[in-house]
Each structure stands twice: as structure tokens, then as C-alpha cells.
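Note that this is a predicted model, so its numbers are computed, not measured.
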Amino acid sequence: TSYSIILLCKFVKRFSIKFTVEQEGKMIQLEISNAEIEEFCEEIVKDYINRYTPGMEKVNIHGLITEYLGLKIEAAFIAEDDETIIAYLSNGKRPLQIRSNGKTVRVLYPKNTIVIDQSLLVNDKVIRRRFCMAHEAGHYLIDKLCRTNINVTQSITADQLHYAYHVEESRANKFAAALLLPKFIVEDALKKYNNGNPIHVFGENVFAPRERMTLNQMTNLLGVSFQTLYIRFKQFGMLDYRPFGELLENHIFESGGSV
């Protein structure tokens, strides 16, 4: 059986979110296009900035999550068996394992509480902390956009569960990038640091010192990693690909040198 849901969001035009329920024990398969994610997150960020932080050059992801979306953010020493878990969005049903007063305890946080590990609170982890918070906000928004209200009672295999987890995490990462770096924010930073011109890249992935400095200035302004910003530049077509030989001639070889 196939279904379509039309969700009316208060800050964006109508989005058509499609999903299918596959029979014979298969899982619900949800579909959200990258274009939908980009438009949805950009409208959220624009609305938040207009309401709470007019003129802000960087997305205040903590404020967007708590003031705008109405979620809570708490910190704890997360002690799950899976040591890669450093942030968590509570569903109000599953307790989270943490360390408290020298003991490992299970705590049930209220639904829609984002818990981040205490290790992320230090100053040199601010970029990772911002991305983790945005990632968990992504899970919350995915649930809002794709809630089906359909119970699937058939059993599922471990491979199906693993695949579903991978898809969910990938989508949450896309939401995180779109919340932290919507196109208009990146365009404004590009105007500030490079007069709105595309960034030169030599070959496929190599930057000269000037371009690298420009990107570093932008990462500091926007509170994101170099890699995250680079990916967004590629997605938005904001890179100007130049022959690799130009880099060798202008920045690598001494005057008169050659290969």
C-alpha cells in the first residue's frame, strides 16, 4: 500500500512527504528529498533569526533548539555501552545510561530532551557540540515531518534494522548541516570574505594559502568545521575549479622551476 501525507508547516509552504508501507515483514520506508530538507531548514532558520536574533551572521543553534523549537538541552556524563554515543534525543520511554556520583545509573529524561556529553562543554569542542545538537534536532524534525501513525507489527531482520539506522543517521546529518549552514548564511559569509565570488580550488580538492585562509575565517565566523563548510560549498556550487598546474606554477615552484 502507498500513501502520501501533506503537512502544513506554519513557516513554510506545503511539503509533500511520501512514504510506503511494504508488506511481508518489511519496514516502513520514508522518503525526504534533499531539496525538501534544504528548503525546510532554511525557512526555519530565517524565521528564527527574524524573530530572535536579527542580523545574526551565525546560527545560534542552542537558541534555535530551545527558544524556537521548544526542546530542552541538558549535559551529563553519558555511559552507554556504545561509547560513540555523545548526544541523545530522549523519546520519554528509553532511559539513558549515565555516570553520576561515581555510579552508573539509568535516567529517563522527558521526551524531546537533548542530552549532550559533558566532554563537549569544553571550549575546544564547541564546533562538535554545535553539530551534535543540530544532529539531534534533525532527529526531532524528521519525526515531525515523517510521523506515519501506522503500526507495523511484522518482525524485521537485523539487516533491515541496521539499514534503517544508517538511513536515519544520514538524514539527521543532512538536517544538521542545513540548520547550521543554510544557503543564505553561506552566501552572506562569502560576500563578507570573498566579495561573493566563488572560492578557487585547484584540481578537485586542493586550496592555495589565500583560499584556505578565507575558508578558515568563514569557519570561525560560522562555528562549523572546515570539512562541513567545504561540503556545503560543493553542494551550493560555490567553488571555482582551476587547473592544478596553476597551483604548481604560482605557489609551489620557485621562480624558474618546473616539473
Side-chain angles (χ1 to χ4, degrees), residues 5-18 30-73 87 89 112 114 116 126-147 170-199 214-215 217-239:
I5 294 180
I6 304 296
L7 297 173
L8 179 61
C9 303
K10 63 180 180 180
F11 27 66
V12 291
K13 66 182 183 182
R14 296 169 72 96
F15 284 89
S16 177
I17 309 301
K18 299 179 180 179
L30 303 172
E31 298 178 4
I32 310 178
S33 70
N34 290 337
E36 286 176 308
I37 294 173
E38 293 292 341
E39 184 177 355
F40 181 71
C41 291
E42 178 158 324
E43 293 299 328
I44 282 179
V45 173
K46 283 181 178 178
D47 194 48
Y48 168 69
I49 290 178
N50 289 337
R51 289 171 182 243
Y52 293 93
T53 58
M56 179 70 71
E57 295 178 306
K58 174 175 72 175
V59 178
N60 177 0
I61 193 64
H62 188 284
L64 186 148
I65 291 170
T66 57
E67 298 171 342
Y68 187 76
L69 296 179
L71 281 62
K72 294 182 179 180
I73 299 177
L89 174 66
N112 295 331
I114 293 175
I116 60 173
V126 62
I127 289 176
R128 192 173 187 187
R129 179 172 73 246
R130 282 169 51 80
F131 192 87
C132 285
M133 290 190 296
H135 176 95
E136 299 306 322
H139 282 299
Y140 170 80
L141 293 172
I142 290 170
D143 180 64
K144 289 295 185 183
L145 285 175
C146 302
R147 185 179 299 147
S170 176
R171 284 178 181 155
N173 281 339
K174 290 177 181 178
F175 268 89
L179 288 171
L180 292 170
L181 293 172
K183 189 174 183 179
F184 76 96
I185 289 285
V186 180
E187 286 176 335
D188 288 347
L190 191 61
K191 290 175 184 176
K192 180 173 183 176
Y193 290 109
N194 208 48
N195 297 318
N197 298 316
I199 300 290
T214 299
L215 287 171
Q217 290 175 319
M218 293 177 66
T219 61
N220 291 333
L221 172 71
L222 301 175
V224 297
S225 70
F226 185 95
Q227 184 66 17
T228 299
L229 183 61
Y230 172 48
I231 291 172
R232 296 300 274 169
F233 264 87
K234 291 181 72 173
Q235 291 172 339
F236 295 145
M238 296 178 179
L239 295 175

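The minimum heavy-atom distance linking Pro198 with Leu239 is given by the pair CB-C, 4.1 Å. The nearest pair of heavy atoms linking Ala178 to Glu38 is CB-OE1, 4.0 Å. Closest approach of Glu136 and Leu89 over heavy atoms only: OE1-N, 3.2 Å. Shown here for Leu181 and Arg232, the closest heavy-atom pair between the two residues is O-NH2, 2.9 Å. Of all non-hydrogen atoms in Glu67 and Tyr52, the two that sit nearest each other are O-OH, 3.4 Å. Glu57 and Leu222 get closest at one heavy-atom pair: O-CD2, 3.5 Å.
With rounding to the nearest 0.5 angstrom, the CG atom of Asn194 is 13.5 Å from the NZ atom of Lys192. Remark: Arg128 CZ to Ile116 CD1 distance equals 12.0 Å, nearest 0.5 Å. Tyr140 contributes atom OH, which lies 11.0 Å from atom CD1 of Ile65 (distance to the nearest 0.5 angstrom).
Between Lys191 and Glu187 there is no salt bridge, since no side-chain nitrogen of the basic residue lies less than 4.0 Å from a carboxylate oxygen of the acidic one. Looking at Glu36 and Lys174, no side-chain N of the basic residue comes within less than 4.0 Å of a carboxylate O on the acidic one, giving no salt bridge.
Residues Asn197 and Leu190 have side chains not in contact (no heavy-atom distance under 4.5 Å, counting atoms from C-beta outward). Counting only heavy atoms from C-beta outward, the side chains of Lys183 and Glu42 approach each other to under 4.5 Å. Side-chain contact between Leu141 and Leu69 is present, with at least one heavy-atom pair separated by less than 4.5 Å. Taking the side chain as every heavy atom from C-beta outward, Asn112 and Lys72 never approach each other to under 4.5 Å. Side-chain contact check for Phe175 versus Phe40: some heavy-atom pair is nearer than 4.5 Å. Pro182 is not listed as a side-chain neighbour of Ile44, based on a closest heavy-atom distance of 4.5 Å or more. The side-chain heavy atoms of Ile199 and Met238, taken from C-beta on, include no pair separated by under 4.5 Å.
Screening Ile49, Leu221, Leu179, Val224 for a side-chain contact (heavy atoms from CB on, under 4.5 Å) with Ile185, the sole residue that qualifies is Ile49. Among Val59, Asn60, Leu64, the one residue that satisfies the side-chain contact (heavy atoms from CB on, under 4.5 Å) test with His62 is Asn60.
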Checklist line | Candidate pair Met56 and Tyr48, rule side-chain contact (heavy atoms from CB on, under 4.5 Å), full reasoning | finding: CA-CA 10 Å; Met56 179 70 71; Tyr48 168 69; over 6 Å; no
Notebook entry, point to check: Between Ile61 and Phe131, is a side-chain contact (heavy atoms from CB on, under 4.5 Å) present by the stated rule, with each step listed?
Noted result: CA-CA 9 Å; Ile61 193 64; Phe131 192 87; over 6 Å; no
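Using modelled atom types, no side-chain atom of Arg171 and backbone atom of Ile37 make a donor-acceptor pair closer than 3.5 Å. The backbone N or O of Gly223 sits less than 3.5 Å from a side-chain atom of Arg130, completing a donor-acceptor pair.
The stretch residues 220-230 participates, sequence neighbours left out, in these side-chain hydrogen bond (donor to acceptor under 3.5 Å, both in side chains) pairs: Asn205-Tyr230, Ser225-Thr228.
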